[in-house]
Structures are given as structure tokens and as C-alpha cells.
Asker: 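Below is a structure I'd like to ask you about.
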2 protein chains.
Amino acid sequence: MNKEFEQQESNINGEGFLPGLAIDTVIFGFHDNQLKVLLLSYKNSSLYALPGGFIHDNEDVNQAARRVLESRTALSDIYLEQFYVFGDYSRYDPAPLKTIMKARGYEPPHDHWLLKRFVSIGYYALVDFTKAVPAPDEISDSCDWYSLDNLPLLMQDHRQIIDKALETLRSNLDQKLIGFNLMTDEFTMGDLQSLYETILNKKLIRAAFQRKMLGLGILERIAKKWTGGAHKAPYLYKFISNKVPTEN
Amino acid sequence: MNKEFEQQESNINGEGFLPGLAIDTVIFGFHDNQLKVLLLSYKNSSLYALPGGFIHDNEDVNQAARRVLESRTALSDIYLEQFYVFGDYSRYDPAPLKTIMKARGYEPPHDHWLLKRFVSIGYYALVDFTKAVPAPDEISDSCDWYSLDNLPLLMQDHRQIIDKALETLRSNLDQKLIGFNLMTDEFTMGDLQSLYETILNKKLIRAAFQRKMLGLGILERIAKKWTGGAHKAPYLYKFISNKVPTEN
DNA sequence: TATTATTGTATCATTATGTTACAATAAGGT
DNA sequence: ACCTTATTGTAACATAATGATACAATAATA
């Protein structure tokens with residue numbers, strides 16, 4: 001779903017789009033020591049869904065994914081990566097989209113292109129929670145962050161898509177140093193450790209974690225952060241951006 | 001391309017198939033200390049290509065990939081995994097397929113489904129070279145193994161697809177212990193090390209490699225292998241299959 | 001000024017990996 | 001039979017990475 005939905009709806013043959021192929025994007029953010037994903041809710045529906053969209057017939061697939069991402073977060077230059085194609089026949093279920101269209105007062109023909117079988121390419125994005133501005137469009141009620149351990153009921157197989165995205169993020173975390181894309185510009189070592197612990201779902205050893213991160217040589221120490229706590233103030237760090245993967 | 005090509009050719013609207021979506025499979029084997037891939041050559045054409053195919057409109061995408069793989073190697077229960085979707089607009093080039101069809105004496109209509117833009121889902125498979133039986137079909141001259149460091153000229157972006165597959169294999173090798181799928185049933189430690197060295201494209205330290213492999217606890221020592229060489233005979237090993245990932 | 005919690009880092013322990021060395025041994029030659 | 005040769009299996013030690021503990025430094029607050 002994207003801003004062009006009205007055109008897509010009345011365009012019953014899907015003219016201008018690649019047929020049967022969709023994009024779903026798992027947009028991860030990190031806030032309050034919790035991993036979050038950006039979800040939409042549809043008007044007149046209790047269904048939540050991942051931001052997604054379709055591919056113009058003269059557009060690169062990766063470019064389409066970036067377009068979807070930017071339309072939802074108003075961010076560019078974001079870490080974005082394909083992770084899996086969801087193509088089981090059992091995904092095929094025209095009911096939810098039919099419901100959405102009917103709720104909008106539109107009665108789609110039987111062979112409307114949006115009611116056919118779709119294969120979906122899964123992407124995940126890592127964004128700075130504080131910079132993303134969740135933007136709903138005309139067919140969605142809301143576009144908001146939801147904590148991963150408290151997700152609402154999701155449309156179709158979107159729950160499995162999120163699970164697979166998280167699994168991919170987890171296994172790429174150490175190898176690719178992509179975690180920094182989820183941090184704010186400045187952060188403490190505690191913040192960073194908390195992010196790693198949340199993604200990997202396990203406690204890490206503080207001393208070893210700090211030693212390793214500093215040893216990577218991609219952190220620059222800025223200043224101290226007075227939190228107001230009755231204890232030594234932590235340093236703030238920023239990461240040296242040209243040493244960390246952002247765009248592919 | 002698969003055995004049903006004649007039907008696909010005369011079926012100008014692609015009835016029964018998902019439109020615009022294809023599968024390309026990089027089938028890896030290992031022989032003579034070299035990585036090999038299975039390639040087809042088309043009749044009346046100098047073009048080589050990856051084994052590929054299309055998805056039935058009532059078939060899982062992963063199942064379709066397995067069907068393609070089995071039709072080319074006569075093997076089942078093979079390690080097979082999605083690795084990337086190739087969806088750039090610049091891939092779109094109807095010329096090669098047009099040439100192939102014309103060479104078969106078939107003049108396709110302008111809007112033949114096979115001449116439209118395709119997005120291709122890349123899979124890679126790891127097979128035991130000694131067990132796979134390369135099988136061409138009626139539109140291919142040949143179906144044979146080619147050494148990775150001596151590939152013929154390939155159709156479209158198939159060369160990039162192979163490169164990306166190798167990159168994925170390389171980065172998954174240690175983590176997932178999938179290398180064993182490329183070995184014969186019984187092998188020496190030297191064979192295994194040679195495989196790793198070839199995939200990773202670097203020399204490994206013999207003592208450390210052996211220690212690590214034995215430490216994994218997935219190898220069973222069988223017997224000695226008398227090679228005829230004037231030296232100590234190496235042991236043969238087989239891997240304890242229920243400890244190694246094969247199918248997903 | 002004492003108390004408190006947290007941070008940064010040093011220190012040592014443990015594990016993993018790199019490196020060297022060497023005994024075991026299966027041909028082949030004499 | 002015995003010596004030579006190349007390769008294997010593994011021990012032994014060196015170095016690097018990680019786990020675990022300890023402790024000084026230090027911002028609040030009382």
C-alpha cells in the first residue's frame with residue numbers, strides 16, 4: 001500500500017505495475033530499550049500491516065523498496081536490505097484487501113489485479129527512531145511504532161515476515177556492523193549494549209562488550225553526559241560514519 | 001527454462017504461470033579441487049545460461065525452485081536456498097529469448113509473455129558432484145558442469161547472479177556448516193580443506209583446520225584410504241548427517 | 001563530607017586460533 | 001630387508017580473543 005492507492009484501486013488491471021509482485025518492508029527502530037517496527041492500521045479494519053507497495057513496470061525493485069521506505073519515514077540514505085521472498089501459495093487470500101476496498105465504498109470486480117495471488121519481497125530497514133516521522137496515507141488510519149514484544153494482530157503472514165526479518169538482522173549484526181544505523185547520533189556505551197542485548201536476546205558482558213566496540217575503531221568519544229544520576233557520567237559516542245555500512 | 005518449454009512457448013499469455021517472475025538456480029558442485037556450476041547451452045546459440053524456470057500459479061515459489069533443481073540433477077533432498085532477487089529494470093531484454101524461439105522456428109508475437117520484463121529469484125544449491133546427473137531438455141544442447149574460474153559467456157546478468165551466489169555461500173560457510181553438502185559420501189581431511197580453501201579463496205592452516213573440524217563433532221572416521229602415494233594414508237571421514245543442515 | 005550507583009579500565013582466567021615440530025607410515029628404490 | 005620420501009595426525013607452544021572479576025573515578029544526593 002502506498003500513496004497511490006486510489007489509482008491502484010481504480011486501475012483494475014494494474015496497468016503500469018508489475019503484476020503479482022509486492023514489497024513488504026520491516027522498518028526497525030529502537031527506543032526505550034525496545035525494538036520497534038512501523039505498522040499501519042487500515043480504516044474500518046482491525047488489521048495491522050507492514051508498509052508495502054508495488055513496483056512500477058519501469059522501476060528497479062530495490063528502488064521501489066526505497067520509495068516505499070521514504071514515503072513512510074520521510075528519510076533517505078537509510079540502511080535497507082532484501083532478506084527473503086515470501087511465495088507460498090498458502091499466502092494467497094484476497095479477503096483482506098477486498099474488505100479494505102469495500103470499507104472504502106469500492107466494490108472491486110472479481111478479477112481485480114489486487115485480488116490475485118501476490119509474491120512478496122521482504123526488505124528490512126534500520127532507522128534512527130528519533131528521525132523517522134511515521135506518515136499514514138489516505139487508506140490507513142495510522143502509521144506508528146509498535147514494540148516487537150507487543151505486536152498487534154497482523155494481516156496475512158506479516159507476523160512471520162517480521163520474525164524472519166529479525167532473524168536476519170540478528171545473524172547479520174556482528175558481521176556487518178549494521179546496528180549503529182538504529183542508534184541516535186550520540187549514544188552511550190550502555191545504550192549500544194542495550195541495543196545489542198535486545199536484538200540478540202541475551203545478556204552481554206559489559207567489560208567485554210565495551211572493549212570490543214572500542215577496539216573496532218569506529219567510535220569517536222565526544223563528551224560526557226550528565227544524566228542526573230548519582231554516579232559517574234558516561235561518555236557520549238558517535239560513530240565514524242564512513243566506516244559503517246549504511247546504504248548498500 | 002524447463003521441460004515444459006514447448007507449452008510455455010505456444011502459451012502466449014503464460015496461462016497457468018505467475019507472470020513476470022522467474023527462478024534462476026546456481027547449482028554448485030565440487031570436483032578436481034574446483035568449484036563448478038551447472039550451465040545450459042541453447043540450441044543454435046552461443047549463449048550459456050543458469051537452469052531456471054517459472055512458477056505455476058498454484059505452486060509455492062520454493063517448491064518451484066526444487067522442481068527446477070530436480071529436473072536438472074535428478075536429485076532430491078538437496079540443500080537449496082534463496083539468496084537474492086534480481087529486479088533491476090536494466091535486466092529487461094527480450095532479445096535473447098526471442099533469438100532462442102526464432103532459432104526453434106517459432107515467431108513469437110510482440111506481446112508474448114516470455115518477452116516481457118521478468119524479475120528473477122536467485123537460489124543456490126549444493127550438490128554432490130558425483131551423484132548429480134546433468135540433464136538437458138529439448139531446448140538446450142547441453143547441460144554440463146563448468147569450472148567457476150573458467151566460465152563461458154553467459155546470458156543476461158547470469159554472471160552477476162553466480163557471483164552473488166558465491167558471495168553468499170562464502171559468508172554462510174562457517175556459520176551454517178553447509179560445505180559438507182558439496183562433498184562425496186566419504187572424503188579425506190585434505191579434500192575438505194581443499195573445498196574450504198576454494199570457496200573462501202585463501203589458504204588455511206592444516207593443523208588448525210583439522211583440529212577445528214574434528215572439534216565440531218560431526219565427523220565420523222571410517223577407514224584408511226590407500227592412495228598409492230608414498231606416504232602415510234589419510235583417514236576417510238563421513239559426516240554424521242543428522243548434525244548437518246541439508247534441506248531447509 | 002559520606003553514601004550510592006554506574007562507568008571505564010585493568011587484571012587474570014579461559015578458550016580459540018596461529019605456528020612449529022615431530023612421530024607414524026605407505027609406497028618406491030636399492 | 002632397509003633406506004628414502006611425502007604426507008598425515010597430533011602434540012606443544014605462542015598469540016589473540018573472549019569471559020569474569022575487581023577496583024578506582026565520579027556525579028548526584030543526603
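We use all heavy atoms of the structure for the numbers below, so side chains are in, but hydrogens, waters and symmetry mates are not. So that the names make sense, note that chain A is the first sequence line, chain B the second, and so on, each numbered from 1.
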Asker: Go through D:dT10, C:dG18, C:dG8 for me and flag the one nearest to the A:R221 side chain.
Answerer: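 Given the options D:dT10, C:dG18, C:dG8, the side chain of A:R221 is closest to C:dG8.
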
Asker: Side chain of B:A208, heavy atoms from C-beta onward: which of C:dG18, C:dG8, C:dA21 has the nearest atom to it?
Answerer: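 That would be C:dG18.
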
Asker: Counting only side-chain heavy atoms from C-beta out, which of D:dG9, D:dG19, C:dG8 sits nearest to A:I205?
Answerer: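 Ranking D:dG9, D:dG19, C:dG8 by closest atom to the A:I205 side chain puts D:dG19 first.
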
Asker: Please enumerate all residues that pass salt bridge (charged side-chain N to carboxylate O under 4.0 Å, His left out) together with B:R211, with sequence neighbours excluded.
Answerer: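 Listed in chain order: nothing, the list is empty.
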
Asker: Tell me every residue that passes side chain to side chain donor-acceptor pair (under 3.5 Å) with B:D60, counting only those two or more places apart in sequence or in another chain.
Answerer: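 Not a single residue meets the side chain to side chain donor-acceptor pair (under 3.5 Å) criterion with B:D60.
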
Asker: Measure OH/A:Y237 against P/C:dT7 and give the value in whole Å, please.
Answerer: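 The answer, rounded to whole Å, is 11 Å.
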
Asker: Treat primed atoms plus P, OP1 and OP2 as sugar-phosphate and everything else as base, then score nucleotides 11-17 of chain D 5' to 3': B for base contact with protein heavy atoms under 4.0 Å, S for sugar-phosphate contact only, - for none.
Answerer: BB-----

Asker: Starting at CG of A:L214 and ending at P of D:dT18, how long is that distance when rounded to a whole Å?
Answerer: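 After rounding, the gap between these two atoms is 14 Å.
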
Asker: Would you call the rings of A:F28 and A:Y124 parallel, tilted or perpendicular, taking 30° and 60° as the class edges?
Answerer: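 Ring orientation of A:F28 relative to A:Y124: perpendicular.
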
Asker: Can you sort out the partners of B:E197 under salt bridge (charged side-chain N to carboxylate O under 4.0 Å, His left out), two or more places apart, ordered by chain and number?
Answerer: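 Expected list: B:K203.
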
Asker: In whole angstroms, how far is the P atom of C:dT25 from the OH atom of B:Y235?
Answerer: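 Value for this atom pair: 8 Å.
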
Asker: Closer to the 5' end of DNA chain C via nearest nucleotide, is it B:A233 or A:R206?
Answerer: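 Result of the comparison: A:R206.
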
Asker: Say whether, by atom type as modelled, one donor and one acceptor occur between the side chain of B:Q210 and the main chain of B:M189 under 3.5 angstrom.
Answerer: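 Side chain of B:Q210 to backbone of B:M189, a donor-acceptor pair under 3.5 Å: no, none is there.
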
Asker: What residues, two or more places apart in sequence or in another chain, satisfy side chain to side chain donor-acceptor pair (under 3.5 Å) together with A:S120?
Answerer: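 Testing A:S120 for side chain to side chain donor-acceptor pair (under 3.5 Å), a comparison that skips the adjacent residues, returns A:D24.
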
Asker: Rounded to the nearest angstrom, tell me the gap between atom NZ in A:K232 and atom C1' in C:dT9.
Answerer: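 So the NZ-C1' distance, A:K232 to C:dT9, works out to 8 Å.
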
Asker: Can you measure B:D174 atom CG to C:dA16 atom C1' for me and round it to whole angstrom units?
Answerer: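 It is 13 Å, rounded to the nearest whole Å.
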
Asker: Take atom CG of A:D191 and atom C1' of C:dT6, then tell me their distance rounded to the nearest Å.
Answerer: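 From A:D191 CG to C:dT6 C1': 13 Å.
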
Asker: Take atom CG of A:L216 and atom P of D:dT18, then tell me their distance rounded to the nearest Å.
Answerer: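 To the nearest whole Å, that distance equals 9 Å.
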
Asker: Figure out the NZ/P separation between B:K203 and C:dT19, and round it to whole Å.
Answerer: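 Going from B:K203 (NZ) to C:dT19 (P), I get 14 Å.
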
Asker: Among residues at least two apart in sequence or on other chains, which ones pass ring-ring contact (aromatic ring centres under 6.0 Å, His included) with A:Y235?
Answerer: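 If we apply the ring-ring contact (aromatic ring centres under 6.0 Å, His included) test to A:Y235, skipping adjacent residues, there are no hits.
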
